[in-house]
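Notes to accompany the following structure.
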Amino acid sequence: VQLQASGGGLVQAGGSLRLSCAASGRTFSSYNMAWFRQAPGKERDFVASITRGGVGTYYGDSAKGRFTISRDNTKNTLYLQMNSLLPMDTARYYCAAGNSGSWPTGSYDYWGQGTLVTVSS
């Protein structure tokens with residue numbers, strides 16, 4: 001599966017963004033999906049993940065209460081709704097697809113190129 005993330009940009013603190021991740025191929029619904037992020041000079045961090053059918057979700061501490069992960073298997077698309085953004089959320093956000101062993105924060109097999117989110121104070 002190939003993944004293409006979009007929706008990043010510059011936003012003021014307190015604002016919102018919705019990231020999308022378009023997947024190619026007809027097997028999108030067979031993968032657990034996740035968002036990760038990497039800030040400059042820092043390691044990659046887990047943000048959120050969602051099961052193949054979209055019923056189960058799991059969030060990293062920084063995302064709880066502010067971000068919502070969802071997916072539309074009919075459109076082969078993963079989403080991340082980000083509200084109440086903070087400067088600390090500034091990072092490149094990556095979507096990833098994984099098999100059963102990936103849930104919730106394990107090893108994901110396929111990665112998109114990332115989309116940059118910048119939150120100004």
Side-chain angles (χ1 to χ4, degrees):
V1 63
Q2 293 185 324
L3 305 172
Q4 179 78 33
S6 62
L10 175 63
V11 63
Q12 288 189 331
S16 298
L17 279 176
R18 188 174 82 155
L19 306 184
S20 298
C21 175
S24 65
R26 294 181 289 179
T27 59
F28 176 71
S29 61
S30 66
Y31 294 102
N32 295 320
M33 298 296 297
W35 289 98
F36 290 78
R37 69 186 186 184
Q38 187 167 21
K42 295 187 177 181
E43 294 186 352
R44 186 172 63 198
D45 286 335
F46 169 80
V47 176
S49 57
I50 189 168
T51 54
R52 287 169 286 187
V55 174
T57 58
Y58 188 84
Y59 294 92
D61 288 341
S62 63
K64 290 177 181 176
R66 300 188 299 128
F67 295 0
T68 302
I69 189 171
S70 62
R71 66 191 296 166
D72 187 338
N73 286 345
T74 67
K75 297 182 179 179
N76 285 2
T77 304
L78 173 74
Y79 303 100
L80 184 69
Q81 177 67 43
M82 305 188 294
N83 298 327
S84 302
L85 283 162
L86 302 169
M88 62 171 277
D89 296 317
T90 294
R92 182 167 291 276
Y93 285 70
Y94 297 88
C95 55
N99 294 304
S100 58
S102 61
W103 176 259
T105 63
S107 177
Y108 284 78
D109 305 293
Y110 305 97
W111 294 82
Q113 87 293 352
T115 185
L116 183 62
V117 172
T118 303
V119 184
S120 63
S121 57

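Here the structure is a predicted model, which is why all the values come from computation and not from measurement. Numbering of residues begins at 1 and proceeds along the displayed sequence.
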Qualifying ring-ring contact (aromatic ring centres under 6.0 Å, His included) pairs with a residue from residues 66-93, counting only residues at least two apart or across chains | none
Pairs in or reaching into residues 69-83: which pass salt bridge (charged side-chain N to carboxylate O under 4.0 Å, His left out), with residues at least two apart or in two chains?
-> none
Would Trp103 and Phe28 show up in the same hydrophobic cluster when neighbours are defined by side-chain heavy atoms closer than 4.5 Å?
-> no
By side-chain contact (heavy atoms from CB on, under 4.5 Å), which residues pair with Ser29, not counting sequence neighbours?
-> Asn73
Could you state the interatomic distance from OG (Ser70) to CG (Leu78), rounded to the nearest 0.5 Å?
-> 7.0 Å
Those residues at least two apart in sequence (or on a different chain) that pass side-chain contact (heavy atoms from CB on, under 4.5 Å) with Ser16 are Gln81, Asn83
Please check if Phe36 and Tyr58 belong to a single hydrophobic cluster, counting links between Ile, Leu, Val, Met, Phe, Trp and Tyr side chain heavy atoms closer than 4.5 Å.
-> yes
Looking at OG1 of Thr77 and CG of Leu19, how far apart are the two atoms once the value is rounded to the nearest 0.5 Å?
-> 12.5 Å
Sequence-distant partners of Val11, side-chain contact (heavy atoms from CB on, under 4.5 Å), two or more places apart | Leu17, Leu85, Val119
Show every donor-acceptor pair shorter than 3.5 Å between a side-chain atom in residues 46-55 and any protein atom, with sequence neighbours excluded, or say none if there are none.
{"from": "Ser49", "atom 1": "OG", "to": "Pro104", "atom 2": "O", "distance (Å)": "3.0"}
{"from": "Thr51", "atom 1": "OG1", "to": "Val55", "atom 2": "N", "distance (Å)": "3.4"}
{"from": "Thr51", "atom 1": "OG1", "to": "Gly56", "atom 2": "N", "distance (Å)": "2.9"}
{"from": "Thr51", "atom 1": "OG1", "to": "Gly56", "atom 2": "O", "distance (Å)": "3.4"}

Would you say Trp35 and Val117 are hydrophobically clustered, going by side-chain heavy atoms of ILVMFWY under 4.5 Å?
-> yes
Got a second to check how far Ser102's OG is from Met33's CE, nearest 0.5 Å?
-> 9.5 Å
All pairs passing salt bridge (charged side-chain N to carboxylate O under 4.0 Å, His left out) where residues 58-68 contributes a residue, at least two apart | Asp61-Lys64, Arg66-Asp89
Across all chains, not counting sequence neighbours, the side-chain contact (heavy atoms from CB on, under 4.5 Å) partners of Thr27 are Ser30, Tyr31
Once you round to the nearest 0.5 Å, how far does CE of Met82 lie from CZ of Arg18?
-> 11.5 Å
Scan residues 107-121 for pairs that pass side-chain hydrogen bond (donor to acceptor under 3.5 Å, both in side chains), counting only residues two or more places apart or in two chains.
-> Asn99-Asp109
Hey, could you give me each pair passing disulfide (SG to SG under 2.5 Å) that has a residue in residues 6-114? Not counting sequence neighbours.
-> Cys21-Cys95
Who are the side chain to side chain donor-acceptor pair (under 3.5 Å) partners of Ser62, not counting sequence neighbours?
-> Arg37
